[in-house]
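Below, chains carry the letters A, B, ... as their sequence lines are ordered, and counting in each starts from 1.
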Amino acid sequence: MSSLLAELSATAGAAFAAEGLAPELGQIQVSDRPDLAQFQCNGALAAAKLAKANPRAIAEKIAARLRQSPLVAEAAIAGPGFINLKLTDGALEERLQRVAAAPESALPGNGKGKRAIVDFGGPNIAKPMHVGHLRSSIIGDCLQRLLRANGWTVTSDVHLGDWGLPMGQLIAELAASRPTLPYFDAADRSPYPDESPVTMDDLEVLYPKAAAACKEDPARLEAARLATAELQAGRPGYRALWEHFHDATAVGLKREFASLGVVFDEWKGESDADPLIPAMIERLKEQGFAHMDEGALIVPVAEESDTKEVPPLILLKSDGAVLYGTTDLATIIDRIQSHDPNLILYVVDQRQHNHFEQVFRAAKKTGLSGKAELEHIGYGTVNGPDGKPFKTRAGGVMKLYDLIAMATAEADKRLAEAGLAADYPPEERARIAKAVGVAAIKFADLVNNRVSNYIFDLERFTRFEGKTGPYLQYAAVRIKSILKKAQAEGHAAGAPFIRSEEERQLALQLLAMPEALTLAENRRAPNLICDYVFTLAQGFSRFYTEHHILSESDAALRAARLGLSALTLAQIERMLALLGIEVPDRM
RNA sequence: GACCCCGUAGCUCAACCGGAUAGAGCACCUGCCUUCUAAGCAGGGGGUUGCGUGUUCGAGUCACGCCGGGGUCGCCA
């Protein structure tokens, strides 16, 4: 089913075509002047510019044709040549009823038959997740849900950071502090112990020590570089040790993602691309894309049209080790082979934009990305109240797990203040607090423009007033409560119809969903989903305030309003689900 | 120095392909709870869209030049 706006645009397009003008001019949009109209068409202005004609005269001809449409109640000309439209309630009701009968039909389906890979999360071995991973996880998860809803076949990949210098740093650190472990014997001493010599907690201590040691002591950095190269070259003891690092970390990471409600299809990492690297390098050398330069193997990616200096992508460092650009490139080969995607999204910090530009250029130039479009989805940083990157009070990195615990506690406090969920069983109350806390964090993150930085302010995010996750949960729960009571009283929901301005506005909002999802997809912009669902919830609140549903004595009207409520609830829940936000049954 | 991103109400942010009177939320002010959850609703004040020049019938949006903030610039990720 095409959307209301698409239908209107097609109708207007036909009108333009009938006047010998381009049908694209018939693009309809929601009116900027809700006091004057529901929809508007600016095509007559553009047509007049092209044809050097009078815009109002063209507009009048188009409007006359539009008035013939059964959709259109009014078509008026205003200003320099805007065409203002109001639709018939009958047309709105008919479409509303269709959506109510088949909710799936309202989804735009832009991605049918297309495959996408969404690469996000990007946690690292031996490091707990911190706020830095928050945005990638939340935005990436939202995008994978959005693309799926819009018909794409999506594969998400956590893409672990598990193959660079930090691995060598860890090995060197452990070699220094526990040299008697069997892994450091240059000879192959396999089988190595099944039991990991370190736990996740050990690693969290070990890594900062290792990083600090490398910073202070050039010899240690050199040792770490050597260990990295040897690991990548396949030294058995190091590989065995690496397996332990990897497994110990994965357990903790899965706990973190689970508590955020984020799920990946694949748990691959940089290391998975490693087996593909030798052949890739051979090919790139043979085909003349890669050559040695200053001791390193590079792929130049500068282009004629560049206005800035674009450094080459380094495949092999002078010590023979690979960099993450190398694994990123090889990972593309893996993804093309295993999924044949049309699109790969990389949800990574905006600061890495240059890196991705290098990788994408190299991939395109060498032809190894095939038909896949590669796109960096950058985002801004999460800052503390001082505008600097978010830290704990002690100045350390704030862990994601602790962050969620804080948000849950804050949400629980708010529930208590409002006297909500007071008499619920403790488990349910705890579940609600968790859901509210997570909703607060996610919504606050997603509602911002992706590329701008934002200030993390838990007090503000967990507020129940205004444009927040908890407000939306509350709005949905209120509707659930009505529907539950209606059911208890034996009132069934019926086909929605329109008898008031509030209902008309709500109907128009509900029917605007496909455009919201399409635009959010095209611009990879979760904040547009946030805006849409917030406006929808506000529209429902107006309707709710104005019309008392359960006490309505006209049974047909009551049923219609219940139907409208049920439809609104379904849509709010669906939109929140795209944001990764759950709605409790009651609050 | 070069390049990228950002600059919109006191604060946090919107504004689709260049369109009408630049919109929300918070905060502030005024109303509205003996009926479905007031975490709500109705209304009000608050703007030289960082500055300037240009293109256009029309610029927050496009071009150029400044100013301010952040970021990146060959072997970290």
message: Between A:Thr468 (side chain only) and A:Phe461 (backbone N and O only), is there a donor and an acceptor less than 3.5 Å apart?
response: no
- request: Scan A:Leu323 against the nucleic acid and name what it touches under 4.0 Å (heavy atoms): base, sugar-phosphate only, or nothing.
  value: sugar-phosphate
query: Stacking check: are the rings of A:Phe82 and B:rA20 less than 5.5 Å apart at their centres and under 30 degrees in tilt?
result: yes
- request: Compare side-chain N and O positions of A:Ser551 against OP1 and OP2 of B:rU35 and report whether any pair is under 4.0 Å apart.
  value: no
query: So what does A:Lys467 hit on the nucleic acid, given a heavy-atom distance under 4.0 Å: a base, only sugar-phosphate, or nothing?
result: sugar-phosphate
- prompt: From B:rG74, B:rU37, B:rG71, pick the nucleotide closest to the side chain of A:Glu294?
  reply: B:rG74
field: Aromatic stack A:His353/B:rC5: centroid gap under 5.5 Å, interplanar angle under 30°
entry: no
message: Apply the syn/anti split at 90° from 0 to B:rC17 and say which one it is.
response: syn
- request: Name the residue closer to the 5' end of RNA chain B, choosing between A:Leu45 and A:Asn124 according to the nucleotide with the nearest heavy atom.
  value: A:Leu45
- prompt: Under 4.0 Å: is that the gap between some side-chain N or O of A:Tyr324 and OP1 or OP2 of B:rC75?
  reply: no
- prompt: Contact class for A:Ser541 (heavy atom, under 4.0 Å): base, sugar-phosphate, or nothing?
  reply: sugar-phosphate
query: Using a cut-off of 4.0 Å on non-hydrogen atoms, how would the nucleic acid contact of A:Glu465 be classed: base, sugar-phosphate, or nothing?
result: sugar-phosphate
message: Using a heavy-atom cut-off of 4.0 Å across all strands, would you classify A:Gln538 as base, sugar-phosphate, or nothing?
response: sugar-phosphate
message: Categorize A:Val310 for me: base, sugar-phosphate, or nothing, with a 4.0 angstrom heavy-atom threshold over every strand shown.
response: nothing
message: Within the 4.0 Å heavy-atom criterion, would you say A:Leu313 contacts the bases, only the backbone, or no part of the nucleic acid?
response: nothing
message: Please classify the nucleic acid contact of A:Asp531 as base, sugar-phosphate, or nothing, using heavy-atom distances under 4.0 Å.
response: sugar-phosphate
